Amino acid sequence: MDVQFYSVKDKKMVSVPMNMVKKTKYERTTKDGKTQVRYAFKAVFNGLKLTKFANKADWDKASVPEV
């Protein structure tokens, strides 16, 4: 199964094989002191760094290594 990423440089969608994809979390503290978590998939494809944000359910379901 492939993951679809949007390539900003090429201005089109690209398919990246699942074995080249890793998942990561971005955490930050808001002004109110709460912690906000964003879930994403990352890949390097044809020399381009690609990022795709996802919801927690899709992120949990993916069986790829976490960075």
Side-chain angles (χ1 to χ4, degrees):
M1 182 176 166
D2 292 346
V3 179
Q4 296 288 322
F5 285 89
Y6 182 76
S7 173
V8 176
K9 184 176 180 181
D10 298 332
K11 296 181 182 165
K12 65 178 182 176
M13 297 297 285
V14 294
S15 291
V16 178
M18 197 64 145
N19 62 351
M20 296 177 67
V21 176
K22 294 182 172 46
K23 60 184 181 179
T24 186
K25 285 193 269 187
Y26 295 104
E27 297 182 17
R28 73 178 189 103
T29 305
T30 62
K31 292 179 187 177
D32 300 337
K34 298 177 184 175
T35 301
Q36 180 186 30
V37 180
R38 294 194 70 190
Y39 301 94
F41 296 109
K42 298 184 85 167
V44 177
F45 188 69
N46 291 339
L48 299 173
K49 293 181 181 179
L50 304 170
T51 302
K52 177 182 182 176
F53 290 97
N55 58 28
K56 184 169 178 16
D58 290 340
W59 191 83
D60 287 336
K61 190 170 42 173
S63 59
V64 295
E66 185 175 348
V67 176

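Quick caveat, the model's predicted, so the values are computed rather than measured.
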For the atom pair [atom1] ([X]) and [atom2] ([Y]), what is the distance rounded to the nearest 0.5 Å?
X   : Y   : atom1 : atom2 : answer
K52 : Q4  : NZ    : CD    : 7.0 Å
K23 : K61 : NZ    : NZ    : 11.5 Å
K12 : Y6  : NZ    : OH    : 10.5 Å
D58 : Y39 : CG    : OH    : 12.5 Å

Are any of the side-chain heavy atoms of [X] and [Y] separated by less than 4.5 Å?
X   : Y   : result
F45 : P17 : yes
F5  : V21 : yes
V64 : K22 : no
K42 : V67 : no

Report task. Report yes or no: does W59 contribute a side-chain atom to a donor-acceptor pair with the main-chain N or O of T24 at less than 3.5 Å? Result ->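 Yes: the side chain of W59 pairs with the backbone of T24.
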Requested in this report: Verify the neighbour count for atom CE of M1: are there more than 12 heavy atoms of other residues, nucleotides or ligands below 6.0 Å?
Outcome: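 It does not: M1 CE has 12 such atoms or fewer within range.
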Query raised in the report: Mind checking whether F41 and L48 sit in one hydrophobic cluster, side chains of I, L, V, M, F, W, Y counted as touching below 4.5 Å?
Result: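 Yes; tracing contacts between hydrophobic side chains, which count when under 4.5 Å, links both residues.
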Query raised in the report: Do you reckon M18 sits in the same ILVMFWY cluster as V16, going by side-chain contacts under 4.5 Å, direct or chained?
Result: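 Yes, it is one cluster - the side chains of M18 and V16 are joined through contacts under 4.5 Å.
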